[in-house]
Amino acid sequence: MLAIQLLREKKDWVIARLSVKHFTQTHLIDEILQLDEQRRQWITEHDQLQNLRNTASREIGQLMKAGNHAEAAQKKQQVAEWNEKINALKNQLDEIEQKIQQLLLQLPNLPHESVPAGESAADNVIIRQGGSWPTLPENALPHWELASRYDLIHFDTGTRLTGSGFPVFKGAAARLERALIQYFLDYNTRAGYVEYLPPLLVNAQTAFGTGQLPDKEGQMYFIPEDQFYLIPTAEVPLTNIYRDSILQPEQLPIKMTAYTPCFRREAGSYGKDVRGLNRVHQFDKVEIVQLVHPDQSYQSLDEMVAHVEGLIQSLELPYRIVKLCGADMSFTSALTYDFEVYSAAQQRWLEVSSVSNFETFQTLRMKIRFRDGKQTRLVHSLNGSSLALPRILAALLENNQQADGIHLPAILHPYTGFTRIG
RNA sequence: GGAGGGAUGGCAGAGCGGUCGAAUGCGGCGGUCUUGAAAACCGUUGUCCGUCAACCGGCGGACCGGGGGUUCGAAUCCCCCUCCCUCCGCCA
């Protein structure tokens, strides 16, 4: 959510920034400002009346004590009149505040100055590319075929147990999945991230805090009886841990990591995008989150990018880092880098991580501040995958297939207990 | 799920319906003392909104789990919800 104060002070600049995200409903801003004007006027009137009432009530108390009931009754009469106005104003205020809030929620986050507008994902900027291209045997298979050849992942069984997009991992695949989680968490905690194991179900307030509600309601699984949402990413519970708090500056930066399963409805997806592990409804992911001083958040973003890059490098996968253009960025982000690994057998890039700075877009909703001298200021929140498992697993299987099986990168050997599948 | 008790400032813990944003203690911050520290003593200590000044800050309003109600006036009385504790039931 954008601060209304920003709209008041730098409206034109805000509109220019929003245009980079191809957001054109600038009339919303005018509406907001108009309503805000009205709101402040009403607040002033409301508060003045309350002031009158407070004074009169105190006087009534004195009069009663002095036994002057006649004058007290007269004042009561007067207060009753004010009360009517106060209540009317209060109702108007509640209504207008709700309206403003609702409009404010329709404004996406401002993209960072360095973000190009672009027209589509094709205009994303490739920052750098790394890792070495694998040389595959002639009859290289996509991971879903490798999965059945080596008895690793059962998509059809998952469909029978639940529905499509809920794969069952078996034997070496299950072990490899667990090994990756363990390795990723070790890698993150070694870099100073504190490990958490958060709830997988959250309430509406929590889902609102990170921006899943109201924007992406249909993306989340929902349990009506308890009004709980299944988390689409660990970002949601992790970032909300510090909701409604005022931090000491020396507590920053706060670095958190967690492994969780993630649940996404992914309505409307089809075709090769959803083949195999490319897109599933339940998957494992290790996430990193940072809450940082606003002056340092872009440094932190670079640090997180380097962190994730190091992790992918250690897995010996070919990758590239892409800076998203305005047209492809999420509603909540100010700057996002996507990490993609090349899946040789499918001959396509698969997104395995997305690292973003949200600046104050989330922390305003969550009221996460820090003490800056005499005042409080919002911290910046950032997060990234480190890493999303299914596509990493797909790339590992595909890129490392040889005639005699799948050779795992050395870094994983201590975690898996085996070096080769097949 | 059933019965009872509770929810107050960073923490602990008071609070006859009016002068309570809220006693007291601890903690924090500043100071006196000290070579330094501790102790002692003195002072200070929340958040949000509006408004004026726009450097400090002044003024007004709101906030005692959340929401409604009674009243001229509610932390204090009533109702609903949530959460916590104790007991019973169920259960990994």
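Naming: A, B, ... by sequence-line order, numbering from 1 per chain. As the structure is a prediction and not an experimental result, all values here were calculated from the model.
- Not counting sequence neighbours, the partners of A/E340 by the salt bridge (Lys or Arg N to Asp or Glu O under 4.0 Å) test are A/R320.
- Sequence neighbours left out, the pairs with a member in residues 79-105 of chain A that pass salt bridge (charged side-chain N to carboxylate O under 4.0 Å, His left out) are A/R39-A/E97, A/K90-A/D94.
- Here the C1' atom of nucleotide B/rG69 and the CG atom of A/N91 are 14 Å apart, to the nearest Å.
- Residue pairs meeting the side-chain hydrogen bond (donor to acceptor under 3.5 Å, both in side chains) criterion with at least one partner in residues 170-179 of chain A, sequence neighbours excluded, are A/D151-A/K170.
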- Task: Assign a letter to each nucleotide of nucleotides 48-62 of chain B from its 5' end: B, base within under 4.0 Å of a protein heavy atom; S, sugar-phosphate only; -, no contact.
- Result: SSSS----SS--BSS

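- Within the structure, every pair that satisfies the side-chain hydrogen bond (donor to acceptor under 3.5 Å, both in side chains) test and touches residues 202-215 of chain A, not counting sequence neighbours, is listed here: A/N203-A/T206, A/T206-A/R243, A/T210-A/Q212.
- Base pairing analysis places B/rG60 opposite B/rC49; the two distances defining the Watson-Crick or G-U wobble pair are each below 3.5 Å.
- Applying the salt bridge (Lys or Arg N to Asp or Glu O under 4.0 Å) rule to A/R420 yields no partners; only residues at least two apart in sequence or on another chain are considered.
- Mapped onto RNA chain B by nearest heavy atom, A/E59 and A/A56 fall at different nucleotides, with A/E59 at the one closer to the 5' end.
- Residue pairs meeting the salt bridge (charged side-chain N to carboxylate O under 4.0 Å, His left out) criterion with at least one partner in residues 17-29 of chain A, sequence neighbours excluded, are A/R17-A/E113.
- Taking atom C1' on both nucleotides, B/rG67 is separated from B/rC56 by 40 Å, rounded to a whole Å.
- The salt bridge (charged side-chain N to carboxylate O under 4.0 Å, His left out) contacts involving residues 295-307 of chain A comprise A/K255-A/E303, A/D295-A/R377, where partners must be two or more places apart or lie in separate chains.
- Under the side-chain hydrogen bond (donor to acceptor under 3.5 Å, both in side chains) criterion, the residue pairs touching residues 224-234 of chain A are A/E217-A/Y229, A/T233-A/K285, with sequence neighbours excluded.
- Partners of A/F166 according to the ring-ring contact (aromatic ring centres under 6.0 Å, His included) rule, which considers only residues two or more places apart in sequence or in another chain, are A/H281.
- RNA chain B is contacted by A/K76, A/V79, A/N83 of residues 70-90 of chain A, taking any non-hydrogen atom closer than 4.0 Å.
- Under a 3.5 Å cut-off, the side chain of A/S148 and the backbone N or O of A/E145 do form a donor-acceptor pair.
- Remark: B/rU82 base-pairs with B/rA7; criterion is Watson-Crick or G-U wobble with both hydrogen-bond distances under 3.5 Å.
- Using a 4.5 Å heavy-atom cutoff, the side chains of A/Q282 and A/C262 are not in contact.
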Can you give me the N/O atom pairs linking the protein to nucleotides 90-92 of chain B at distances under 3.5 Å, or say none if there are none?
none

